[in-house]
Amino acid sequence: MRRTAFIPLIVLILLLTGCKSTYYKTMRTLGKEKRDILVSRIKDAKKDQDQTKKQLQTTMESFQALTGFKGGSLEKSYKRLNSDYESAASQAGKLHDKIQSIDQVSNDLFKEWQGEINDMDNVKLKSQDLVMLRNAKTRQATYMRAMRSTEDQIAPVLKAFQDQVLFLKHNLNSRAIGSLKTTSAVLQSDVAGLVKSIDASSQEADKLITSLAASDDTK
């Protein structure tokens, strides 16, 4: 039990210190190659995307509830909105870090893959492997574009929420809340578009995972 608990701690330390080569070697001793790590990170990113989507929708609901305020505690409603916004921002930060890590391990995998192809003497197998590598690179590039596009849409939505939260912090009264009602419709449209983008990039994640699994099965 102690040894099992100790292994993830080692991996975490290696990740935090940024020692990639040692990290990959350690993971290999655990039976995890770069391809396995990449697939695992993509799956984790899908979960982070889903959580980000849900948290943004929750924040939107809190904002709509506050702008449609009809009695009760303004302070309580504001604190709920602020808490939801901070959770959304935190979740978006986790997603950003995951996207960066996926890009890194992808590049490391493709570099290793190309090097191994260069070591092959069988012309036919070498040619087939190059095709699989190109296909994987193409699929990964499509996935990364989708993820970056989603990130580009998340940033202004979060900034808009932040502006509303800060304004309300300084002007927590019925008149101030009334002035934000027109903003609600715009934000709702932006969040709806963002949800579609997240769903689209999740589909690209599934395609990339399938592509990597297929190329692995042919080896």
Side-chain angles (χ1 to χ4, degrees), residues 8 11-12 14-15 20 23-24 26-28 30-61 84 87-117 125 127-158 188-219:
V11 174
L12 177 61
L14 292 173
L15 280 171
K20 288 197 301 178
Y23 165 70
Y24 287 136
T26 302
M27 293 301 289
R28 192 174 293 115
L30 301 175
K32 300 292 184 182
E33 298 291 341
K34 291 184 180 69
R35 185 188 302 270
D36 302 312
I37 298 170
L38 176 57
V39 170
S40 178
R41 290 186 183 181
I42 294 171
K43 289 180 178 179
D44 287 344
K46 280 193 63 179
K47 294 177 183 178
D48 284 336
Q49 278 185 304
D50 188 53
Q51 288 299 316
T52 300
K53 178 177 73 173
K54 290 178 180 178
Q55 194 56 56
L56 284 167
Q57 290 173 320
T58 298
T59 305
M60 187 67 241
E61 290 169 1
D84 288 336
S87 295
S90 176
Q91 193 60 51
K94 292 178 182 178
L95 179 59
H96 171 76
D97 292 342
K98 195 60 60 63
I99 293 172
Q100 294 294 93
S101 72
I102 288 172
D103 196 31
Q104 181 186 77
V105 75
S106 294
N107 292 330
D108 293 339
L109 170 63
F110 295 149
K111 182 179 180 181
E112 178 185 79
W113 194 343
Q114 182 64 64
E116 292 170 345
I117 290 175
L125 293 178
S127 177
Q128 291 175 345
D129 216 2
L130 279 170
V131 171
M132 288 187 288
L133 174 57
R134 282 197 296 269
N135 289 341
K137 283 184 174 181
T138 298
R139 181 57 66 191
Q140 186 266 359
T142 301
Y143 168 73
M144 290 304 300
R145 281 195 298 272
M147 294 294 279
R148 297 298 188 194
S149 177
T150 295
E151 262 206 305
D152 289 343
Q153 293 179 66
I154 289 175
V157 169
L158 282 175
Q188 186 174 16
S189 177
D190 290 343
V191 170
L194 181 53
V195 167
K196 290 182 179 179
S197 179
I198 290 175
D199 289 341
S201 56
S202 290
Q203 291 176 6
E204 290 300 330
D206 291 333
K207 292 177 182 177
L208 179 55
I209 291 172
T210 300
S211 174
L212 290 169
S215 59
D216 194 37
D217 290 340
T218 57
K219 289 189 172 183

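Side chains are part of it too, since the values below use all heavy atoms of this structure and drop only hydrogens, waters and symmetry mates.
Looking at residues two or more places apart in sequence or on another chain, you find a salt bridge (Lys or Arg N to Asp or Glu O under 4.0 Å) between Arg28 and Glu33, Glu112.
Closest non-hydrogen pair, Ala136 versus Leu208, comes out as O-CD1, 4.2 Å. Taking each heavy atom of Ala92 and Thr52 in turn, the nearest pair found is N-OG1, 4.1 Å. Between Ala45 and Leu95, the shortest heavy-atom contact is O-CD1, 3.8 Å. Shortest non-hydrogen contact noted between Ala88 and Leu56 is CB-CD2, 4.1 Å.
Formation of a donor-acceptor pair under 3.5 Å by the Asp50 side chain with backbone atoms of Lys46 is not found in this model. Judged by distance alone, the side chain of Ser40 and the main-chain N or O of Asp36 form no donor-acceptor pair under 3.5 Å. Side-chain N or O atoms of Ser90 include none that pairs as donor or acceptor with a backbone N or O of Ser87 at under 3.5 Å. Panel note: side chain Ser202, backbone Ile198; a donor-acceptor pair is recorded below 3.5 Å.
Interatomic distance, CD of Gln104 versus CD1 of Ile37, reported as 10.0 Å (0.5 Å rounding). The NZ atom of Lys54 sits 13.0 Å away from the CD atom of Gln49 when rounded to the nearest 0.5 Å. With values rounded to the nearest 0.5 angstrom, Asp97 atom CG is found 9.5 Å from Asp48 atom CG. Rounded to the nearest 0.5 angstrom, Lys47 NZ and Gln91 CD are separated by 12.5 Å. Within the model, atoms CG of Leu194 and NZ of Lys53 stand 10.0 Å from one another, a figure rounded to the nearest 0.5 Å. Between the CG atom in Asn135 and the NZ atom in Lys137 there is a gap of 11.5 Å [rounded to 0.5 Å].
Partner of Leu38 under the side chain to side chain contact (heavy atoms under 4.5 Å, CB included) criterion, chosen from Ile209, Asp108, Val105: Val105. For the side chain to side chain contact (heavy atoms under 4.5 Å, CB included) with Ile99, the lone residue among Arg148, Lys94, Arg41 that qualifies is Arg148.
Counting heavy atoms from C-beta on, the side chains of Arg35 and Trp113 come closer than 4.5 Å. Side chains of Gln114 and Phe110 form no contact here, defined as non-hydrogen atoms less than 4.5 Å apart.
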Could you list the donor-acceptor pairs under 3.5 angstrom formed between side-chain atoms of residues 139-147 and any protein atom two or more places apart in sequence or on another chain?
from, atom 1, to, atom 2, distance (Å)
Arg139, NH1, Glu204, OE1, 3.4
Gln140, NE2, Ser106, OG, 3.4
Thr142, OG1, Thr138, O, 3.0
Thr142, OG1, Arg145, NH2, 3.3

